[in-house]
Amino acid sequence: MRKKLIAIIMVMAGVLTAPAQTVLSPSWPRALGDFVFANGTIHLIDRMANIGYSHVTLHSIHRNFRSGFAWDNNLFFINQLGHPFQGGLSFNAARNNGFSFAQSVPFTVAGTLVWEFFGETEQPSINDVITTTFAGTLFGEGSYRLAELALDDGDTGGRRVLREATAAFLNPLQGLQRLFSGRMWKVKRNGASYSSAEAEDESNCSVTLSDRYVVASDGESHGSHHSFVIISAAYGETADDESHSIPYDFLTVDGALAFGGGQPVIPRLSVTARLCSTPVLTKERTGGELGLYQFYMYEDTRLGDSLRGPFPFGETASLGPGVIVKSRQKSSGLALEQRLFARGVILGSAESDYYKCYERHYNMGSGYGASSMTRLSWKDAVSLQLDAYYLHLYTWRGYEPKDITTVETNDLNVLGDRSHARLLKLDMQLQTRLTHHCGMAFGAGWFLRNTHYKYHPDSRKEGYELRAGLSWNF
């Protein structure tokens with residue numbers, strides 16, 4: 001009871017600072033209040049769910065400081081998506097309260113270190129620190145900017161409700177601030193939009209509701225139908241003949257929600273963000289940029305309980321150079337955009353056919369990759385997009401078969417099987433406009449994982465998907 005009381009007090013400390021945010025100027029008390037509230041709430045939810053690692057004591061904290069860091073064996077969803085989300089909350093605890101981008105990054109680092117040493121009983125995790133810091137910063141700044149673009153204090157009625165709900169979903173801490181201060185329903189008739197001047201004017205969003213058929217081939221075909229919602233959003237200008245030095249002033253995000261068919265609710269999420277760039281190919285009808293970009297990829301389509309397929313895979317800490325080129329012919333209405341990226345992967349993950357330790361059935365590793373996006377459109381009425389994604393991961397800290405007989409499986413402290421995996425994803429999307437906002441979308445994708453193991457037989461798994469549905473553009 002005493003432990004739960006402490007957790008509740010941590011949460012209340014943040015809640016009590018929320019109403020004061022309309023009085024205090026942007027400062028440390030507000031940021032620290034939101035920081036405690038965000039992390040304390042997550043800890044309280046874990047405690048109420050009676051999750052084992054949440055039963056923190058002084059003894060467990062002391063043990064964490066003495067044990068040092070290790071590679072953990074948590075679920076793919078927790079390690080690859082949960083920690084970036086939590087890191088984004090810590091980042092926005094500062095960003096929402098007047099701190100700059102650079103000033104907010106230390107909050108992400110502090111959030112993951114506090115959590116690893118004080119927030120759970122498990123040994124501090126190396127992969128959690130890497131993932132929360134890199135992907136958490138990306139999630140934080142991206143959600144902060146997208147939420148600002150969604151908000152407009154001059155709007156009313158159903159559109160205002162939709163704007164506020166969208167912004168609160170993207171940036172929950174900001175949504176609570178607006179709720180407690182009353183800004184969520186106040187209207188500025190002749191004032192400017194709430195959106196910050198930092199946010200770019202150029203932005204777009206689309207939602208596609210489709211039926212998705214997924215098949216995995218492993219001697220036999222296993223397929224399933226389910227409803228599939230694709231959400232795509234982007235902000236910022238590219239190939240605009242200007243240099244860019246502000247991190248994350250351009251970002252694209254593609255996510256998906258799946259319902260039924262044995263699929264996880266969030267099977268897919270990818271983010272590409274620009275860190276800096278310089279113009280190239282500055283011609284009358286063609287423009288380009290050469291820059292440095294950050295990447296995040298999450299794929300977790302499940303292909304049956306008995307089948308080990310190409311999923312899951314992804315990358316949480318990844319940087320690399322890239323080039324974006326745009327060309328438009330006004331006379332014919334044709335437009336072409338080409339994006340090419342190379343990436344050095346600090347930390348990524350790929351499905352394992354053999355590693356089964358605690359909750360983990362995937363290997364972590366480092367490596368390299370590349371991706372391409374080619375989009376051809378005609379008068380913004382018809383577009384064809386081709387995407388290619390390649391990832392090569394090396395699990396450089398693995399175990400030997402003899403280790404299993406001398407060490408408890410949960411104490412291996414490894415990235416997974418000693419192996420290297422090649423992953424390839426090809427995707428095609430055809431869209432046609434029926435009205436200004438509504439259209440039809442058809443798509444197909446193919447996935448391949450080829451893994452070479454040092455102590456096990458090699459594995460090759462593949463799958464494909466077909467999609468068809470309606471899309472709305474905002």
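Side chains of Tyr394 and His420: no donor on one and acceptor on the other come within 3.5 Å. With hydrogens and angles left out, the side-chain atoms of Asp34 and Asn97 include a donor and acceptor closer than 3.5 Å. In this structure, a donor-acceptor pair under 3.5 Å is present between the side chains of Thr131 and Thr316. The closest side-chain donor-acceptor pair between Asp72 and Tyr358, if any, does not fall under 3.5 angstrom. Side-chain N/O atoms of Trp396 and Ser366 include a donor and acceptor closer than 3.5 Å. For the residue pair Asp387/Ser371, the side-chain donor-acceptor check at 3.5 Å is not satisfied.
Here the two rings, on Phe447 and Phe311, have centers that are under 6.0 Å apart. A ring-centre distance under 6.0 Å is found for Phe139 and Tyr296. Ring pair His55/Tyr53: centre-to-centre distance not below 6.0 Å. Ring pair Tyr362/Phe76: centre-to-centre distance below 6.0 Å.
For the atom pair CZ (Arg360) and CG (Leu412), the distance works out to 9.0 Å, reported to the nearest 0.5 Å. A distance of 15.0 Å separates CG of Leu448 from OH of Tyr464, quoted to the nearest 0.5 Å. A distance of 4.0 Å separates CZ of Arg375 from OG of Ser383, quoted to the nearest 0.5 Å. The OG1 atom of Thr451 sits 7.5 Å away from the CG atom of Asn363 when rounded to the nearest 0.5 Å.
Between Arg418 and Thr395, the shortest heavy-atom contact is CD-O, 3.7 Å. Considering every non-hydrogen atom in both Ser104 and Phe91, the closest pair reads CB-CE1, 3.4 Å. In terms of heavy atoms, Tyr235 sits closest to Tyr248 at OH-O, 2.7 Å. Taking both residues in full, the closest heavy atoms of Gln263 and Ala258 are given as CB-CB, 3.8 Å, listed atom of the first, atom of the second, then distance. Shortest non-hydrogen contact noted between Arg47 and Val56 is NH1-N, 4.3 Å. Ala441 and Thr208 get closest at one heavy-atom pair: CB-CG2, 3.9 Å.
Of the possible polar contacts, one joining the Ser54 side chain to the Ile51 backbone as a donor-acceptor pair under 3.5 Å is found. Judged purely by atom type and a 3.5 angstrom limit, Arg212 has no side-chain atom pairing as donor or acceptor with the backbone of Ser227. In this structure a side-chain-to-backbone donor-acceptor pair under 3.5 Å is present from Ser60 to Thr57. Within the 3.5 Å criterion, the main-chain N or O of Met373 finds a donor-acceptor partner in the side chain of Gln338. One N or O on the side chain of Asn92 and one on the backbone of Gly140 form a donor-acceptor pair closer than 3.5 Å. Side-chain N or O atoms of Asn413 include one that pairs as donor or acceptor with a backbone N or O of Trp71 at under 3.5 Å. Panel note: side chain Ser377, backbone Asp380; no donor-acceptor pair is recorded below 3.5 Å. With hydrogens and angles disregarded, no donor-acceptor distance shorter than 3.5 Å links the side chain of Arg163 to the backbone of Thr166. Looking only at distances, no side-chain donor or acceptor of Asn171 sits under 3.5 Å from a matching main-chain atom of Ala167. Judged by distance alone, with hydrogens and angles left aside, the side-chain atoms of Arg160 form no donor-acceptor pair with the main-chain N or O of Glu164 at under 3.5 Å.
Salt bridge annotation for Arg268-Glu299: present, with a cationic side-chain nitrogen under 4.0 angstrom from a carboxylate oxygen. Between Lys461 and Asp353 there is a salt bridge, with a side-chain nitrogen of the basic residue lying less than 4.0 Å from a carboxylate oxygen of the acidic one. Salt bridge annotation for Arg467-Asp427: present, with a cationic side-chain nitrogen under 4.0 angstrom from a carboxylate oxygen. A salt bridge does not link Arg449 with Glu351: none of the charged nitrogens is closer than 4.0 Å to a carboxylate oxygen. Under a 4.0 Å N-O distance rule, the pair Arg178/Asp153 qualifies as a salt bridge.
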Test side-chain hydrogen bond (donor to acceptor under 3.5 Å, both in side chains) on Gln123 and Asn64 and set out the steps. CA-CA 6 Å; Gln123 188 174 355; Asn64 285 347; over 6 Å; no

Would Tyr144 and Leu170 count as a side chain to side chain contact (heavy atoms under 4.5 Å, CB included) if you check the C-alpha gap in whole Å, the side-chain angles of each, and the deciding distance to 0.1 Å? CA-CA 7 Å; Tyr144 171 79; Leu170 292 168; over 6 Å; no

Report the C-alpha separation of Gln431 and Ser471 in whole Å, then their side-chain angles, then the decisive distance to 0.1 Å, and conclude whether the side chain to side chain contact (heavy atoms under 4.5 Å, CB included) test is met. CA-CA 8 Å; Gln431 287 188 311; Ser471 63; 3.9 Å; yes

Could you go through the side chain to side chain contact (heavy atoms under 4.5 Å, CB included) check for Met440 and Phe442 one step at a time? CA-CA 7 Å; Met440 297 188 68; Phe442 306 91; 3.5 Å; yes

Report the C-alpha separation of Asn473 and Asn204 in whole Å, then their side-chain angles, then the decisive distance to 0.1 Å, and conclude whether the side-chain hydrogen bond (donor to acceptor under 3.5 Å, both in side chains) test is met. CA-CA 8 Å; Asn473 296 281; Asn204 60 76; over 6 Å; no

What do the steps show when you test Leu32 against Phe107 for side chain to side chain contact (heavy atoms under 4.5 Å, CB included), and what is the final call? CA-CA 9 Å; Leu32 290 176; Phe107 279 76; 4.3 Å; yes

Donor-acceptor contacts, no H, no angles, side chain residues 109-120, under 3.5 Å, sequence neighbours left out:
from: Trp115; atom 1: NE1; to: Glu120; atom 2: OE1; distance (Å): 3.3
from: Glu116; atom 1: OE1; to: Ser125; atom 2: N; distance (Å): 2.9

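In this pair, Tyr453 and Tyr354 present their aromatic rings perpendicular. The plane angle is above 60°, beyond the 30 to 60° band.
Summarising the local packing, OH of Tyr368 is surrounded by more than 12 heavy atoms from other residues, nucleotides or ligands at distances under 6.0 Å. The 12-atom threshold is not exceeded at CD1 of Ile246, counting heavy atoms of other residues, nucleotides or ligands nearer than 6.0 Å. No more than 12 heavy atoms of other residues, nucleotides or ligands shown are found within 6.0 angstrom of CZ on Phe169.
Annotation: cation-pi pair Arg343/Phe295 present, NZ/CZ under 6.0 Å from the ring centroid and within 45° of its normal.
Residues passing the side-chain hydrogen bond (donor to acceptor under 3.5 Å, both in side chains) test with Gln80, sequence neighbours excluded: Ser349.
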